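Throughout, a chain's letter reflects where its sequence line sits, starting with A, and its residues are numbered from 1. Everything numeric here is computed off the predicted structure, so don't read it as measured data.
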Amino acid sequence: MPELPEVETVRRTLLEGGLVGRRIRRVSVLHPDAVRHPSPASFASDLEGQAITDIGRRGKYLLLELEDGLLVAHLRMTGRLWLSEPDAEALSHTHVVLDLDDGRQLRFRDVRRFGGFHLVSRLDDPAAPRGLRELGPEPQDLTRRELAEACLRHPRLAVKGLLLDQRVVAGLGNIYVDEALHRARVHPLRSCGSLGRKELSAIARALREVLAQALANRGTTFLDFRDGAGEPGAFQEFLRVYRREGLPCRSCGAPIAKSRVAGRGTHFCPECQKGDGSPSSTAPSPTTTRSRPARISSSSKGAR
DNA sequence: ACATATTCCTGGGGGC
DNA sequence: TGCCCCCAGGAATATG
């Protein structure tokens with residue numbers, strides 16, 4: 001599932017593949033759901049004839065800059081965007097194909113059809129996805145202070161839920177939140193209000209480190225992720241907790257646990273990430289809140 | 001206003 | 001072998 005390192009890898013491989021400077025000759029919308037704005041017909045006619053002038057990224061959004069406008073792509077869970085030879089096999093679930101002026105094609109495929117395109121005039125176009133306009137800072141730019149302020153706004157939220165909120169910090173998903181919290185030795189259920197300065201610093205640092213390592217390995221591929229050249233990533237080999245339930249922690253050997261936090265499957269080491277609410281060794285703020293378990297799944301009503 | 005649940009979607013895996 | 005059900009989850013939307 002493409003998160004920041006995967007989307008950035010797609011961006012870089014599309015750049016390396018020479019997408020910038022190419023002109024779009026023809027647009028085929030094979031499944032209208034993939035085009036979120038404007039209508040598929042306008043999408044095609046507005047795109048045709050335009051050159052791609054640059055490729056950017058914000059959070060998990062890929063930004064194809066055009067001579068006149070901006071093509072915003074989001075891959076969500078299973079989306080793929082890659083440069084293809086025109087005679088390459090037509091994979092099922094291919095929803096959009098852009099024919100380029102060098103004979104190649106930019107293809108978009110998405111089995112689950114969660115992903116798609118917005119064609120807008122610019123980043124702050126009201127027609128751009130709201131999520132893009134409300135995006136928080138990139139993880140590389142996230143300071144401890146910003147994290148602390150977000151914690152102040154959501155003191156009772158589990159820290160995992162905070163990090164998944166794209167308005168707080170952009171580009172994180174389930175894999176890298178679990179990985180970063182393990183590196184920071186913070187339990188995913190810890191309430192934001194209970195986190196001390198050192199823990200917030202550790203989280204911000206762990207985010208930078210794990211994302212840099214994932215990017216160096218061209219992202220994580222379990223099944224679906226492929227880069228802009230159709231190649232899988234390799235970071236799955238280096239994951240410490242994600243999808244490692246029952247396997248030994250790479251730090252201490254204890255079996256990795258799995259539970260559900262903020263509605264997501266959540267992996268952590270019960271030894272390295274102690275305390276689902278209580279201040280552990282490092283918390284410098286001595287008193288304040290007594291350990292509060294910050295239970296997330298308190299379905300008080302008849303849910304289910 | 002806030003936090004959580006539901007919804008979208010399909011392939012894969014477990015159970016039988 | 002095949003069917004059924006559940007699960008994966010980003011982010012918009014609904015609900016409490």
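L123(A) belongs to a hydrophobic cluster whose remaining members, ordered by chain and number, are Y61(A), L63(A), L70(A), V72(A), V120(A), L132(A), L135(A); membership requires side-chain heavy atoms of ILVMFWY residues under 4.5 Å apart, directly or through intermediates. Think of F268(A) as one node in a network of Ile, Leu, Val, Met, Phe, Trp and Tyr side chains linked at under 4.5 Å; it has no links at all.
As judged by a 4.0 angstrom heavy-atom cut-off over every strand, M77(A) is placed among the base-contacting residues. Among the heavy atoms of the strands lying under 4.0 Å from Y242(A) are primed sugar atoms or P, OP1, OP2 only; no base atom is included. When heavy atoms are screened at a 4.0 angstrom cut-off, G265(A) is found touching the sugar-phosphate backbone but no base atom.
At dG10(C), none of the side-chain N or O atoms of H74(A) fall inside 4.0 Å of OP1 or OP2 (strictly under the cut-off). Distances shorter than 4.0 Å separate none of the side-chain N or O atoms of R260(A) from OP1 or OP2 on dC7(C). In this structure, Q166(A) reaches the dA11(C) phosphate: one of its side-chain N or O atoms is under 4.0 Å from OP1 or OP2.
Judged as a side chain to side chain donor-acceptor pair (under 3.5 Å), and not counting sequence neighbours, the contacts of R11(A) are E8(A). Remark: F222(A) engages Y242(A) in a ring-ring contact (aromatic ring centres under 6.0 Å, His included) (not counting sequence neighbours). Applying the side chain to side chain donor-acceptor pair (under 3.5 Å) criterion to N174(A), with sequence neighbours excluded, gives K160(A). Residues forming a salt bridge (Lys or Arg N to Asp or Glu O under 4.0 Å) with E271(A) (at least two apart in sequence, or on another chain): K274(A). E237(A) pairs by the side chain to side chain donor-acceptor pair (under 3.5 Å) definition with nothing, not counting sequence neighbours.
Picking from dA3(B), dG9(C), dA8(C) the nucleotide with the shortest atom distance to the side chain of K258(A) gives dA8(C). Checking dT4(B), dA12(C), dG9(C) against every side-chain atom of L157(A), the shortest atom distance belongs to dT4(B). Taking every side-chain heavy atom of H154(A) into account, dA3(B) is the closest of dA3(B), dT13(C), dG10(C).
Legend: side chain to side chain donor-acceptor pair (under 3.5 Å) pairs involving residues 70-82 of chain A, not counting sequence neighbours, sorted by first then second residue: T78(A)-D110(A).
Taking each heavy atom of S251(A) and H182(A) in turn, the nearest pair found is OG-CE1, 3.8 Å.
Rounded to whole angstrom, the span from the CG atom of L162(A) across to the P atom of dG10(C) amounts to 15 Å. The distance from atom CZ of R167(A) to atom P of dA3(B) is 9 Å, rounded to the nearest whole Å. R130(A) has its CZ atom 6 Å from the P atom of dT13(C), to the nearest Å. D178(A) has its CG atom 13 Å from the C1' atom of dA8(C), to the nearest Å. R264(A) places its CZ atom 15 Å from the P atom of dC7(C), with the value rounded to the nearest Å. If you take CG of D110(A) and C1' of dG9(C), they are 12 Å apart, rounded to a whole angstrom. Taking atom CG of residue L164(A) and atom C1' of nucleotide dG10(C), one finds them 9 Å apart after rounding to whole Å. Counting to the nearest Å, the C1' atom of dG9(C) and the CZ atom of F225(A) are 17 Å from each other.
Mapping H267(A) and P129(A) onto DNA chain C via the closest heavy atom, the residue that lands nearer the 5' end is H267(A). Between R153(A) and L223(A), the residue anchored nearer the 5' end of DNA chain B, judged by the nucleotide with its closest heavy atom, is R153(A).
Using a 4.0 Å cutoff on non-hydrogen atoms, no part of residues 133-149 of chain A comes near DNA chain C.
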For residues 200-211 of chain A, run the donor-acceptor check on the side chains, cut-off 3.5 Å, and write out each pair with its distance to 0.1 Å, sequence neighbours left out.
{"from": "S201(A)", "atom 1": "OG", "to": "R197(A)", "atom 2": "O", "distance (Å)": "3.3"}

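In this structure, Y176(A) and F235(A) have tilted ring planes: the angle between them lies in the 30° to 60° band.
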Might you list the N or O atoms of the protein lying below 3.5 Å from N or O atoms in nucleotides 9-11 of chain B, with each pair's distance?
{"from": "dC9(B)", "atom 1": "O4'", "to": "R112(A)", "atom 2": "O", "distance (Å)": "3.4"}
{"from": "dC9(B)", "atom 1": "O3'", "to": "R113(A)", "atom 2": "NH2", "distance (Å)": "3.2"}
{"from": "dT10(B)", "atom 1": "OP1", "to": "R113(A)", "atom 2": "NH2", "distance (Å)": "2.5"}
{"from": "dG11(B)", "atom 1": "OP1", "to": "H93(A)", "atom 2": "NE2", "distance (Å)": "3.1"}

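A side-chain hydrogen bond (donor to acceptor under 3.5 Å, both in side chains) with D178(A) is found for exactly one of Q273(A), H267(A), R243(A), namely H267(A). Exactly one of L119(A), D46(A), T53(A) qualifies for a side-chain contact (heavy atoms from CB on, under 4.5 Å) with L66(A). That residue is L119(A).
The bend of the helix from dC2(B)-dG16(C) to dC16(B)-dG2(C), defined by the angle between the axes of its first five and last five pairs, stands at 60° to the nearest 10°.
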